[in-house]
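To keep things clear, I will list the structure first and then write my remarks on it.
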Amino acid sequence: MKTILAIETSCDETAVAILRGRDNNPDHELLASEVASQIAAHEKYGGIVPEIASRNHLLYAPRLLDRTVSAAKIDLSKVDAFAATSGPGLASSLMIGASIAKGLAIGFGKSYLAINHLEGHLLSPFFRGVDHEDEIRPNISLIVSGGHTMLVRVHALCDYQVVARTVDDAAGEAFDKVAKMLGLGYPGGPEIEKLARNGDRNRFDLPRSMLGSENFSFSGLKTAVRYLLPKVAGLFYETPEEWRLTQTPYKFDERVLADLCASFQQAIIDVLVTKTIAAAQKYDVDLVTVSGGVSCNEELRRQLYEACGRNGFAFKNAEPWLCTDNAAMIGFAALLRLRAGFESHLTEEIDPNLALAT
Ligand code: KG4
Ligand code: ZN
């Protein structure tokens, strides 16, 4: 029996989770998982302010640690290993979680595991599904979040090859930026998804960028929306400079707003689905997985599931509560690594640009 306590502080979510792995059984039990979001603290600045994020991690982490330990009903001295996200992410945020986990490992004389945030996302579709028949089997993994959009060829645990990434914005970033242009709240993904449910996805013709190449690009789509909005609002400008000087967001009626959201969302989904299926075909796997904040999107999950079915691939998505940043996925990755004999040295540093595969 191995008990792991994991801490995630790579961006603006402070999270702690405790998991217990069973002997001779690859499955595990989640004892407690807590997440404290800082959205409200950053919202008024229109983006994440690194210093505010790290100060808040320092404030929330000890309380969250207390709460998680009492919810799990265990004694900290019974934990076998302490894990933390070591990158990629904001340096000053990563340092908080890693320092706490290292301090606990030193204090209790236990193991320390440094976990790549992207590996946490990538393994999260297997969170409830690792049993004897279903190891981390080869798959094409779409990681789609606010900071990342990539396709990873997963050979096995710890054996990854990034086969495509975004050359500019991440898909979640595009959702957030377009939501802002439309005058919607942050994070933009859930807001756009809600409105898109009643919209016509074919009403506005938006670009599907770089369909011919493996990599992703979403900044052209964002710019196309920016140019479309004044036209849809019935405002015409002679020069791009003229509209750049105008105040957005524009006011749209409910119907138009829903159609804009549905058309934009579909443009993103088309690109994600097309490239994921093409990668699964190219690398000849029989499983496609999806994880990360944007994979909360029900329409994306549904269309990926259907496209996988049509093309003969099995499909696994992370459960919605595991899609956005959390520590349970970090603990799960740590548990699998510990079981496979990996441990990190206490001198292992955080790395804001940590690569998934070297
Ligand atoms: O994985 P995550 O919590 O953080 C990163 O590691 O980036 O992802 C957050 C991103 C945000 O950009 C948010 O707008 C997007 O995930 N997101 C969604 C949905 N829920 C969250 N995007 C589309 N549809 C959703 N339902
Ligand atoms: Zn993430």
Side-chain angles (χ1 to χ4, degrees), residues 6-15 17 33 35-39 42-43 46-48 53 84-90 93-94 97 115-125 127 141-150 152 165-166 168-182 184-197 199 201 216 218 221-222 261-262 264-273 290-304 317-330 332-333 352-354 356:
I7 306 177
E8 153 66 42
T9 59
S10 65
C11 193
D12 61 339
E13 246 103 34
T14 319
S33 173
V35 182
S37 168
Q38 301 182 13
I39 287 175
H42 300 275
E43 212 169 14
I48 291 157
T85 305
S86 60
L90 297 168
S93 288
L94 290 164
I115 301 294
N116 186 311
H117 181 81
L118 296 170
E119 185 179 40
H121 277 306
L122 173 148
L123 295 173
S124 61
F127 194 79
S141 163
L142 170 66
I143 305 176
V144 68
S145 72
H148 303 274
T149 298
M150 56 172 68
V152 183
R165 59 177 81 243
T166 179
D168 41 52
D169 292 348
E173 201 177 344
F175 268 102
D176 295 336
K177 287 177 176 167
V178 166
K180 196 170 173 192
M181 289 182 218
L182 294 171
L184 306 173
Y186 178 87
E191 301 279 324
I192 289 184
E193 175 174 27
K194 209 173 353 156
L195 292 167
R197 284 197 194 111
R201 68 183 74 162
F216 298 92
F218 293 107
L221 171 60
K222 179 190 65 189
C261 288
F264 165 75
Q265 178 175 280
Q266 190 57 45
I268 297 240
I269 292 177
D270 279 348
V271 172
L272 295 175
V273 171
V290 64
S291 60
V294 179
S295 72
C296 285
N297 189 291
E298 273 178 39
E299 197 52 34
L300 169 64
R301 288 209 303 265
R302 191 183 64 75
Q303 292 189 35
L304 256 180
N317 58 269
E319 292 172 44
W321 72 274
L322 271 171
C323 290
T324 47
D325 289 349
N326 65 85
M329 68 181 190
I330 303 301
F332 180 55
N353 302 311
L354 187 64
L356 183 60

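Counting starts at 1 for both ligands and their atoms, in listed order. One-based numbering along the sequence shown. If you're wondering where the values come from, they're calculated on a predicted model, not measured in any experiment.
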Give me the atom names and distance for the closest heavy-atom approach of [X] to [Y].
| X | Y | answer |
| --- | --- | --- |
| G120 | M329 | O-CB, 3.5 Å |
| P88 | S10 | O-CB, 3.7 Å |
| S93 | C11 | OG-O, 3.4 Å |

Determine whether [X] and [Y] make a side-chain contact, defined as any pair of heavy atoms from C-beta on separated by less than 4.5 Å.
| X | Y | value |
| --- | --- | --- |
| V290 | P125 | no |
| K222 | E173 | no |
| M150 | L118 | yes |
| L184 | F175 | no |

Quick check on contacts: which atoms of ligand 1 are under 4.0 angstrom from a heavy atom of [X]?
| X | answer |
| --- | --- |
| G188 | 14 (O) |
| E193 | 25 (C), 26 (N) |
| C296 | 20 (N), 26 (N) |
| P187 | 13 (C), 14 (O) |

Seminar exercise, completed: Contacts of E319 meeting salt bridge (charged side-chain N to carboxylate O under 4.0 Å, His left out) (sequence neighbours excluded), chain-then-number -> R128
Identify the closest protein heavy atom to [atom]: which residue and atom is it, and at what distance?
| atom | result |
| --- | --- |
| atom 10 (C) of ligand 1 | G146 N, 3.4 Å |
| atom 1 (O) of ligand 1 | G293 N, 3.0 Å |
| atom 4 (O) of ligand 1 | D325 OD2, 3.3 Å |
| atom 24 (N) of ligand 1 | N297 ND2, 3.1 Å |

Min N/O separation [X] to ligand 1 under 3.5 Å:
| X | answer |
| --- | --- |
| G189 | yes |
| F175 | no |
| G172 | yes |

Does the residue [X] have a heavy-atom contact with ligand 1, meaning some pair of atoms that are separated by less than 4.0 Å?
| X | answer |
| --- | --- |
| C323 | yes |
| H117 | yes |
| H121 | yes |

Separation between [atom1] of [X] and [atom2] of [Y], rounded to the nearest 0.5 Å:
| X | Y | atom1 | atom2 | answer |
| --- | --- | --- | --- | --- |
| S86 | E119 | OG | CD | 10.0 Å |
| N297 | I192 | CG | CD1 | 9.5 Å |
| I268 | T149 | CD1 | OG1 | 8.0 Å |

Structural part of [X] in contact with ligand 1, heavy atom criterion under 4.0 angstrom:
| X | value |
| --- | --- |
| D176 | side chain |
| H148 | neither |
| C11 | neither |

Exercise. Protein N, O or S atoms less than 2.8 Å from the Zn ion (ligand 2), ignoring waters?
Worked result: H117 NE2, H121 NE2, D325 OD1
Exercise. Just going by heavy-atom distances, which of I268, V178, V294, V144 is nearest to atom 15 (C) of ligand 1?
Worked result: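 It is V294 whose heavy atom sits nearest to atom 15 (C) of ligand 1.
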For this session: Determine, for R301 against E298, whether the closest basic-nitrogen to carboxylate-oxygen distance falls under 4.0 angstrom.
Result: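 Judged by the 4.0 Å cut-off on N to carboxylate O distance, R301 and E298 do not form a salt bridge.
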Exercise. Is a side-chain N or O of N326 found less than 3.5 angstrom from the main chain of T324, in a donor-acceptor match?
Worked result: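 Yes; at least one donor-acceptor contact below 3.5 Å.
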Exercise. D176 side chain to G188 main-chain N or O, any donor-acceptor pair under 3.5 Å?
Worked result: yes
Exercise. Angle class for the H117/H121 ring planes (parallel below 30°, perpendicular above 60°, tilted otherwise)?
Worked result: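 It falls in the perpendicular class, over 60°.
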